[in-house]
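Worksheet: one structure, shown below.
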Amino acid sequence: MSTLKEILTRRPVAATIRLTVPAGGARPAPPVGPALGQYRLNLMAFCKDFNARTQKYKPDTPMAVVITAFKDNTFEFTVRSPSVTWYLKKAAGLEKGSGRPGHVTASSLTLKHVYEIAKVKQQDPYCQYMPLESICKSIIGTANSMGIKVQKEFD
Amino acid sequence: MSLVINSLRSHFFKHLLCTSTAAAAASTATALIFGHRTRGLVGQSRFSDSVFFFSERYKLLSQLASKTATFSTSRSSSSLETLPTDSYTSPYLSVTIRCQKNVADMLSEALLCFGANSTSIDEHDDSEVGDEICISSIFSVSQDVKESISLAVDSIGLKEIPSYDVVMHDHTDWIKESFHPVEVIEGIWIVPEWRKPPDLQATNIILNPGLAFGTGDHPTTKLCLMLLYDVIKGGEVFLDYGTGSGILAIAAIKFGAAFSAGLDIDPQAITAAQHNAALNNIQPEKLFLSLVPSTGSATFTHEIVSKPTDRQHLNDKGVFTETEKFHVVIANILLNPLLDLADQIVSHAKPGATVGLSGIISEQVPRIIQRYSPFLEDIKVSKMDDWACLAGFKKINLG
């Protein structure tokens with residue numbers, strides 16, 4: 001929660017921009033260019049900042065970025081890790097989820113995969129205070145809705 | 001069959017490499033739902049509810065997933081191929097959608113899943129009357145806008161498609177908007193090509209970065225320029241690894257270096273740097289620019305290096321092999337390239353030479369120090385705004 005001082009000195013917001021950018025691969029070209037350019041934001045600064053902060057991810061994983069542009073042409077941004085379904089599809093080697101989840105199983109994974117995905121997700125700003133167990137449970141829920149079965153170990 | 005799948009999965013974490021954005025498209029919608037539900041579930045155990053909710057939502061989305069795979073591939077090909085070659089004049093579609101305020105956030109996330117390159121929402125003033133808000137979204141030219149919008153609207157449960165307009169724009173040079181003359185150190189100005197220098201007496205470096213990195217604005221560029229200013233006394237030979245717009249190489253010549261070399265993996269950077277060298281009236285004998293292959297590629301294109309004087313630096317195969325020739329080496333790139341190329345960067349420096357490393361944020365400094373301490377001694381860290389620059393001297397006797 002913001003402190004009172006932060007609320008009082010908050011800069012006026014011009015716009016909220018959402019983008020998907022590959023990690024370490026931000027360039028002034030589209031899609032970044034036009035989206036940020038129209039609010040006169042410093043493109044190079046964003047690209048360098050974003051690339052530096054996403055160095056810890058494998059190159060070209062699609063990261064969701066939310067940029068808050070302020071009226072004085074400055075900006076702040078938060079980077080979210082790729083979605084759970086993207087990780088699950090990568091782990092299972094699938095292109096897309098099952099056509100009939102619940103009835104047709106597309107693939108199966110072990111608890112070890114779920115645990116690894118949960119560890120990555122916990123680094124997200126929104127999930128840092130959640131117990132790892134509940135993150136795992138919700139990943140299993142997502143997997144079930146995609147038609148991916150989660151087993152304790154491989155047979 | 002299962003053995004194959006097992007071996008694939010056991011290598012899962014090593015193979016999180018370049019992926020198609022088509023896969024990400026249909027899945028970011030559930031990330032939104034995942035995010036929303038988990039906020040409400042802290043400290044409670046209502047997971048049965050959430051799983052049910054999930055399966056409802058995802059049934060709808062997975063039916064649409066097959067459609068997204070087809071039209072999202074066009075986006076993935078366009079977004080991965082438009083860097084870095086032809087971005088100057090690539091057109092794009094700008095779509096403005098009017099919708100209710102309370103669904104604006106969800107609709108913009110859904111649009112991102114179903115093919116939009118980006119969405120932006122203007123912040124509304126509280127004094128505005130009415131429930132409507134505008135989302136402006138950017139699509140690439142090959143997208144079917146109507147299809148994407150109707151799928152996005154469907155996925156969040158709106159009954160009808162909101163009204164929208166589509167306009168085609170040409171990619172303008174966005175850099176021009178935000179590049180102003182800046183005084184880095186007292187008496188040194190970086191001036192864009194299209195503006196007049198504010199102080200004609202000072203040392204002015206004139207730049208047109210194009211699509212390359214390096215406008216002089218960024219804290220790392222400033223830190224490197226300050227380092228250069230301290231180190232260059234006159235007559236040195238300088239190497240800029242990852243030259244971008246050529247700003248550091250040109251600055252070195254202006255500060256008095258005898259010779260500068262600039263290397264980069266991006267052909268656009270080399271062309272921009274050559275252009276900037278000409279703008280600053282630098283003789284070609286003083287500045288050498290070359291493309292280096294990015295890791296993994298065996299072939300080396302040296303069409304860019306066309307001047308005969310430059311051939312002396314390349315061996316028969318056209319590879320830059322000047323080792324232990326430079327008094328000052330600066331690499332202002334990113335953490336991972338710095339770690340991978342440590343041996344190469346240091347090999348170009350003479351023993352006792354100054355090596356500068358930047359483009360890293362403060363929390364990445366320990367890793368760089370750890371990687372470079374076998375080669376460098378007396379490492380000093382300077383910081384500006386959470387960005388850091390390391391400077392050290394190459395060890396005289398390397399084992």
Side-chain angles (χ1 to χ4, degrees), chain A residues 13-20 24 27-31 33-37 40-45 48 51-53 55 58-62 64 73 82-86 89-93 95-99 101-102 109 113 116 126-127 129-130 134 137-138 141-142 144-146 154, chain B residues 5-6 8-9 12-13 16-19 21 23-24 26-28 30-31 34-35 38-39 41-42 47 50-51 54-55 58-59 62 65-66 69 79 82-84 87 90 92 108-109 112 117-123 138 169 171 174-175 177-178 211 213 215 217-218 334-336 359-361:
Chain A
V13 178
T16 314
I17 309 169
R18 286 182 176 78
L19 282 180
T20 313
R27 300 267 184 291
L36 271 69
R40 302 164 155 271
L41 302 177
N42 196 337
L43 283 172
M44 280 305 167
K48 262 214 131 158
N51 286 339
R53 286 184 203 285
Q55 284 294 293
K58 278 271 186 320
D60 287 331
T61 50
N73 294 342
S83 62
V84 173
T85 48
W86 185 82
K89 281 188 218 161
K90 270 263 146 213
E95 266 299 307
K96 49 188 174 122
S98 142
L109 295 175
H113 291 101
E116 295 283 341
Y126 299 114
C127 303
Y129 307 109
M130 291 178 64
S134 24
K137 280 193 196 164
S138 81
T142 317
N144 286 337
S145 65
M146 286 168 73
F154 283 129
Chain B
I5 301 179
N6 287 348
L8 276 177
R9 281 190 223 126
F12 157 53
F13 295 107
L16 272 179
L17 282 177
C18 183
T19 107
T21 49
S27 49
T28 41
T30 48
F34 171 84
T38 50
R39 268 185 239 138
L41 284 168
V42 172
F47 263 103
S50 75
V51 169
F54 250 111
S55 49
Y58 206 86
K59 234 182 281 186
S62 55
S66 49
S79 63
T82 47
L83 3 130
S87 333
S90 54
Y92 59 92
S108 53
E109 292 266 351
L112 273 182
N117 281 349
S118 71
T119 60
S120 35
I121 306 179
D122 282 337
E123 203 63 23
I138 297 187
H169 286 295
H171 174 77
W174 300 109
I175 314 276
E177 299 288 329
S178 57
L211 284 170
F213 286 108
T215 54
D217 234 356
H218 200 265
L334 290 168
L335 172 74
N336 287 340
I360 40 186
I361 47 182

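Just so it is clear: chains get the letters A, B, ... in the order the sequence lines come, proteins before strands, and each one is counted from 1.
Between A/Q55 and B/L334, the shortest heavy-atom distance links the atoms NE2-CD1, 3.5 Å. Counting all heavy atoms, side chain and backbone alike, A/A52 lies closest to B/G359 at CB-O, 4.3 Å. The two residues B/I121 and A/R18 make their nearest non-hydrogen contact at CD1-NH1, 3.8 Å.
Using a 4.5 Å cut-off between heavy atoms, B/I360 does not touch chain A at all.
Within the model, atoms CD1 of B/I361 and NZ of A/K48 stand 12.0 Å from one another, a figure rounded to the nearest 0.5 Å.
Scored by the side-chain contact (heavy atoms from CB on, under 4.5 Å) test, B/S120 finds A/I17, A/Q38, A/Y39, B/S136 as partners (sequence neighbours excluded).
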